[in-house]
A.B. asks: 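Sharing a structure with you now.
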2 protein chains.
Amino acid sequence: MPDPSPSAARAGFPVSRQVLADHVYEALLEWLMDGRLEPGAAVSIDGMARELDVSPTPVREALARLEHTGMVRRVALKGYRVAPVFTREDFAELMEARLSIEPVNARLACSRMTDEGLGALKQAVEDLKTAPRGGTFAEYRSYLEADERFHQLIAAQANNQFLLAAYNTLGGQIQRFRLFGGVGITDAEQAIAEHQAVLDAMIKGDPEKAAAMMVDHVEKVRGRAMADAPAD
Amino acid sequence: MPDPSPSAARAGFPVSRQVLADHVYEALLEWLMDGRLEPGAAVSIDGMARELDVSPTPVREALARLEHTGMVRRVALKGYRVAPVFTREDFAELMEARLSIEPVNARLACSRMTDEGLGALKQAVEDLKTAPRGGTFAEYRSYLEADERFHQLIAAQANNQFLLAAYNTLGGQIQRFRLFGGVGITDAEQAIAEHQAVLDAMIKGDPEKAAAMMVDHVEKVRGRAMADAPAD
DNA sequence: ACGCCCACGTTCCTATAGGATTTGTGCCAT
DNA sequence: ATGGCACAAATCCTATAGGAACGTGGGCGT
């Protein structure tokens with residue numbers, strides 16, 4: 001596939017070039033996060049290869065990488081499927097896991113916060129406040145993105161590669177649940193206030209308060225979601 | 001590759017057949033855990049394919065899956081390498097992460113413990129006590145295996161798929177550190193006593209005690225390792 | 001009509017081929 | 001001796017081909 005304008009050429013420094021499998025990975029990840037690939041849907045290797053106009057080999061590699069995120073599941077000789085919709089139990093487990101990890105991240109992040117990190121966090125909360133919150137997905141996509149970014153930033157500021165990796169695994173699931181949990185954005189005002197409370201504690205430099213506010217936030221998210229979607 | 005006696009035939013129910021990539025994955029994982037592949041060593045796709053007598057395709061898929069475990073790292077167009085030796089900072093981060101996750105697992109596992117789980121835990125501690133602890137790797141391999149199994153069982157008994165996944169990511173790193181951390185098994189008696197303390201709390205059905213004992217154990221592991229290997 | 005069987009298409013899986021890239025080596029000029 | 005260049009080998013990456021398994025739909029027999 002002779003690329004007429006290799007990006008390596010214009011930059012001069014390729015630094016970290018990408019291969020096809022990387023592009024495929026990102027495309028699939030985006031489609032999963034977008035909801036373009038619905039839970040339970042088959043993800044055919046050959047089909048995706050045709051869709052993306054590449055050979056099946058890079059698709060296979062990308063899917064192998066995606067499997068660990070829990071967003072697609074593989075059955076030998078049968079192929080990949082998008083992970084099924086969260087059950088009530090799955091959701092409860094996810095929140096339990098968040099409650100074990102995110103407060104720790106918040107405490108550490110508060111202790112180790114950099115100026116850049118704090119700025120980015122403020123920006124994320126600001127984006128949450130200003131993001132449109134319409135009824136269609138396109139309209140609250142940026143809201144979800146800012147929400148995820150806030151938590152991701154805290155995990156990154158905790159400055160621990162293993163905790164960050166652990167959070168990232170959860171993060172993908174959280175995002176997927178936000179999409180398919182059924183409930184729209186009905187709790188934005190409260191959620192924003194809770195995020196603000198975490199941020200305030202960070203600004204004050206009070207790690208314990210930050211952790212406590214994070215516990216509070218996650219517990220309230222759980223409470224609202226469990227109340228909103230009682231059926232299952 | 002016409003298998004003259006397909007295992008599917010004798011069992012009647014294949015249930016879950018394996019493909020080459022699965023075998024390659026397990027072989028590589030074993031070699032990594034064994035120390036047969038040393039930190040920093042290159043893991044050539046073509047080379048491994050020759051070694052295992054398969055084509056590069058399944059090797060590529062297995063390595064893609066392995067990358068997320070953190071045991072191998074990939075650089076585009078340059079290939080895979082075994083993750084480098086732990087630095088002191090890496091180790092500190094790993095222990096910090098364990099301290100966030102394992103006590104939670106212990107608390108939950110204690111609440112949700114099954115009879116089978118408790119039996120398996122007792123067995124693991126028993127194996128720890130009886131395992132040979134010679135100087136060569138082969139001689140303390142079963143000791144390491146029992147140690148890892150103990151923690152893995154607790155994570156499994158916590159009955160939370162996300163926490164289990166989070167622990168498993170750490171577990172591989174812990175095992176790798178045990179191999180290449182430099183220190184042999186110099187603290188077996190103390191470590192066994194700490195494991196026993198966790199187990200006792202589980203038997204008593206005291207979740208808080210179990211969590212506390214786990215904190216104690218991990219902190220002491222950290223202390224001993226940091227004291228044993230001051231150079232870096 | 002209902003059930004069985006076979007042909008067909010789809011998909012997964014593995015091997016192989018070849019282009020692109022990196023790395024190592026030896027030579028040459030400074 | 002050191003730095004740069006060219007060439008060669010190893011390696012990665014992608015595409016393609018073909019075998020095997022699975023699912024599907026139509027045709028045939030009862």
Side-chain angles (χ1 to χ4, degrees), chain A residues 1-28 31 37 40-67 72-83, chain B residues 1-28 31 37 40-67 72-83:
Chain A
M1 188 168 293
D3 190 355
S5 70
S7 63
R10 59 175 159 81
F13 259 83
V15 180
S16 172
R17 275 171 307 178
Q18 279 194 334
V19 289
L20 272 190
D22 294 330
H23 291 296
V24 175
Y25 181 89
E26 284 168 22
L28 287 176
W31 290 2
L37 291 172
V43 184
S44 148
I45 294 174
D46 291 347
M48 283 301 148
R50 281 192 298 272
E51 190 104 6
L52 297 168
D53 198 39
V54 296
S55 82
T57 311
V59 176
R60 174 175 296 275
E61 184 173 335
L63 282 171
R65 283 192 228 161
L66 270 174
E67 193 189 358
V72 299
R73 291 181 186 177
R74 166 180 164 276
V75 177
L77 298 176
K78 293 200 63 178
Y80 291 87
R81 306 191 80 83
V82 181
Chain B
M1 193 169 292
D3 189 356
S5 68
S7 62
R10 60 176 159 79
F13 260 81
V15 180
S16 172
R17 276 168 306 176
Q18 277 195 334
V19 291
L20 271 191
D22 294 330
H23 291 295
V24 174
Y25 181 88
E26 285 168 21
L28 287 175
W31 290 2
L37 291 174
V43 184
S44 148
I45 295 175
D46 291 348
M48 282 301 148
R50 282 191 298 271
E51 190 106 6
L52 296 169
D53 199 38
V54 296
S55 82
T57 312
V59 176
R60 175 174 295 276
E61 184 174 335
L63 281 171
R65 283 192 226 159
L66 269 175
E67 192 187 0
V72 299
R73 291 181 186 175
R74 166 181 164 276
V75 178
L77 298 178
K78 294 197 59 178
Y80 292 87
R81 306 190 79 82
V82 182

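Heavy-atom basis, side chains included; hydrogens, waters and symmetry copies ignored.
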A.B. asks: Does the side chain of Arg65(B) come within less than 4.5 Å of Asp22(B)'s, by heavy atoms?
C.D. replies: yes

A.B. asks: Looking only at heavy atoms, which two atoms of Arg60(B) and Tyr80(B) are closest? And how far apart?
C.D. replies: O-OH, 4.4 Å

A.B. asks: Would you say that Val43(A) contacts Met48(A) through its side chain, given a criterion of any heavy-atom pair below 4.5 Å between the two side chains?
C.D. replies: yes

A.B. asks: Output the rounded distance in Å from CE (Met48(A)) to C1' (dT10(C)).
C.D. replies: 15 Å

A.B. asks: Please check the phosphate of dT14(C) (OP1 and OP2 only) for any side-chain N or O of Thr57(B) closer than 4.0 Å.
C.D. replies: no

A.B. asks: Whether Ser55(A) contacts dT14(D) is assessed here as follows: a side-chain N or O lying under 4.0 Å from the phosphate OP1 or OP2. Is that the case?
C.D. replies: no

A.B. asks: Could you tell me whether the side chain of Leu63(B) reaches within less than 4.5 Å of the side chain of Arg74(B), counting heavy atoms only?
C.D. replies: no

A.B. asks: For the pair made of OH in Tyr25(B) and P in dC13(C), what is the distance, rounded to whole Å?
C.D. replies: 16 Å

A.B. asks: Tell me whether Arg73(B) contacts the main-chain N or O of Arg81(B) through its side chain, where contact means a donor paired with an acceptor under 3.5 Å.
C.D. replies: no

A.B. asks: Could you state the atom-to-atom distance from CG of Asp53(A) to P of dT14(D) in whole Å?
C.D. replies: 13 Å

A.B. asks: Per the side chain to side chain contact (heavy atoms under 4.5 Å, CB included) rule, which among Leu66(B), Thr57(B), Leu52(B) passes with Val24(B)?
C.D. replies: Leu52(B)

A.B. asks: If a protein heavy atom is under 4.0 Å from the base, mark B; if only from the sugar-phosphate, S; if neither, -; do that for nucleotides 7-13 of chain D going 5' to 3'.
C.D. replies: ----SBB

